[in-house]
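Each ligand, and each atom within it, is numbered from 1 in the order the structure gives.
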Amino acid sequence: MRVVITGGAGFIGSHLCEALLARGDEVICVDNLASGRVANVRHLVESPRFLLDVHDIRNPLEISGRIDAVANLASLASPPGYSRRPVFTLTTGSVGTKNALDLAAAHDARFVQASTSEVYGDPAVHPQREDYWGNVNPTGPRSMYDEAKRYAEALVAAYAREGTNAGIARIFNTYGPRMRLDDGRVVTNFIAQALRGEPLTVYGDGSQTRSLCFVSDLVRGLIALIDTPVTGPVNLGNPHEMTVLQIAELTRDIVGSTSEIEYRPLPQDDPTRRRPDIRRARAELGWAPTVAVADGLRATIDWNRSHGVVEAHSGQEARCAS
Ligand code: NAD
Ligand code: UDP
């Protein structure tokens, strides 16, 4: 297949590029490097089947030749990251998603949208099933992301009604190697803090829950959705639910750190509980996660150690970004 991956130089996108190349596909990675890094795909550039196109999907995508699938992952994804750039986030999710859909429609290609568990907001139903419509504050501090993703889902559903072969993946918290240590999300914050011997910053009392999926599991699910003409939406995530405090303690144990836990104020509208119901993914994609959270965290910690990101943090980040 010849696959276009928007956001392909980001954390999940780079693993998706890698997995598709490994099975023999040709990959065109479109990314404006807003939060992605050339370093994430530098090892792929040598492949004659890989192309990095530095482009902002808020502008129309013009790619010549056959295209079999478009996976739209371009979007800021960390709460501190998207709240710093609200209009950019909304425009990427709306105009950008339409541009990616137009590319797929023009080429009669399969389209897969990276949506999110955030479409459920602070969910009143637990665990979250795809037929739950959610509880989202439309003007709150997370609205630029949540509503962009909800609008994008509506757009994908509309294109699907008009004949595009399109599917929606609702991705739950995913972590792993190449996730930026400085983007403010929980797993990377705790890993960085534990490795540096700094206090682990738990927001609120740490009783809020998340369900963490390792990136290799997630990427298998995305590829199954690329390959299967299912519209969904389909939840992709690991149903193993933990409190944020448990995530902090487990990370600290695996690192072998003596860092304290430091409690900080809970951000407004922070979802209280989150766990995917993955029966639809099992039934329609034959997919389920297999990596236990302790194994995934160990792999992520080892990767950060071996890349010296923590020990030489600012210099390394500067080199990667240039
Ligand atoms: P990431 O920030 O590492 O990757 C996003 C990529 O999109 C970056 O490379 C960035 O440069 C690119 N991008 C952003 N705006 C763009 C634009 N206008 N034009 C071109 N490229 C643009 O984040 P990630 O965690 O890899 O997330 C990838 C996708 O998965 C996102 O759509 C995100 O919303 C979704 N998602 C991720 C998670 C998670 O836990 N990681 C959970 C739910 C959904
Ligand atoms: N969180 C935390 N400490 C941090 C970063 C995040 O306690 O240093 C909490 C955050 O308040 C939320 C959970 O961890 O309850 C997951 O946050 P993240 O930003 O990773 O993603 P979210 O699921 O909220 O989009």
Atom indices of ligand 1 within 4.0 angstrom of Leu33 heavy atoms, with elements: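 Contacts of ligand 1 toward Leu33, numbered from 1: 11 (O).
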Per-atom contacts, ligand 1 versus Phe88 - under 4.0 Å to a heavy atom: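 This gives 15 (N), 16 (C), 18 (N) as the contact atoms.
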Can you tell me which portion of [X] lies within the under-4.0 Å heavy-atom range of ligand 2? Options are side chain, backbone, both, or neither.
X	result
Thr201	both
Glu262	neither
Gln208	side chain
Arg264	neither

Looking only at protein heavy atoms, which one is nearest to [atom], and how far off is it?
atom	value
atom 1 (N) of ligand 2	Tyr203 CD1, 3.4 Å
atom 10 (C) of ligand 2	Asp270 OD2, 3.3 Å
atom 16 (C) of ligand 2	Arg210 NE, 3.6 Å
atom 8 (O) of ligand 2	Asn189 ND2, 2.8 Å
atom 36 (N) of ligand 1	Tyr145 OH, 3.9 Å
atom 37 (C) of ligand 1	Ile12 CD1, 3.7 Å
atom 27 (O) of ligand 1	Ala77 CB, 3.7 Å

[X] to ligand 2, any heavy atom closer than 4.0 Å:
X	answer
Gly184	yes
Pro79	yes
Arg142	yes
Glu118	yes

Mode of Ser115 contact toward ligand 1 - side chain, backbone, both, neither (heavy atoms, under 4.0 Å):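 Backbone only.
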For ligand 1, the portion of His55 having any non-hydrogen atom under 4.0 Å away: backbone
Heavy-atom side-chain contact between Val215 and Tyr175 under 4.5 Å: no
Do [X] and [Y] sit within salt-bridge range, that is, some charged N less than 4.0 Å from a carboxylate O?
X	Y	result
Arg275	Glu241	yes
Asp102	Lys98	yes
Arg210	Asp270	yes
Arg150	Glu153	no

Quick check on [X] - does any of its heavy atoms sit under 4.0 Å from an atom of ligand 1?
X	answer
Gly96	no
Thr6	no
Lys149	yes

Between Asn99 and Arg58, a side-chain donor and acceptor under 3.5 Å: no
Among Val186, Asn173, Val187, closest by any non-hydrogen atom to atom 21 (O) of ligand 2: Asn173
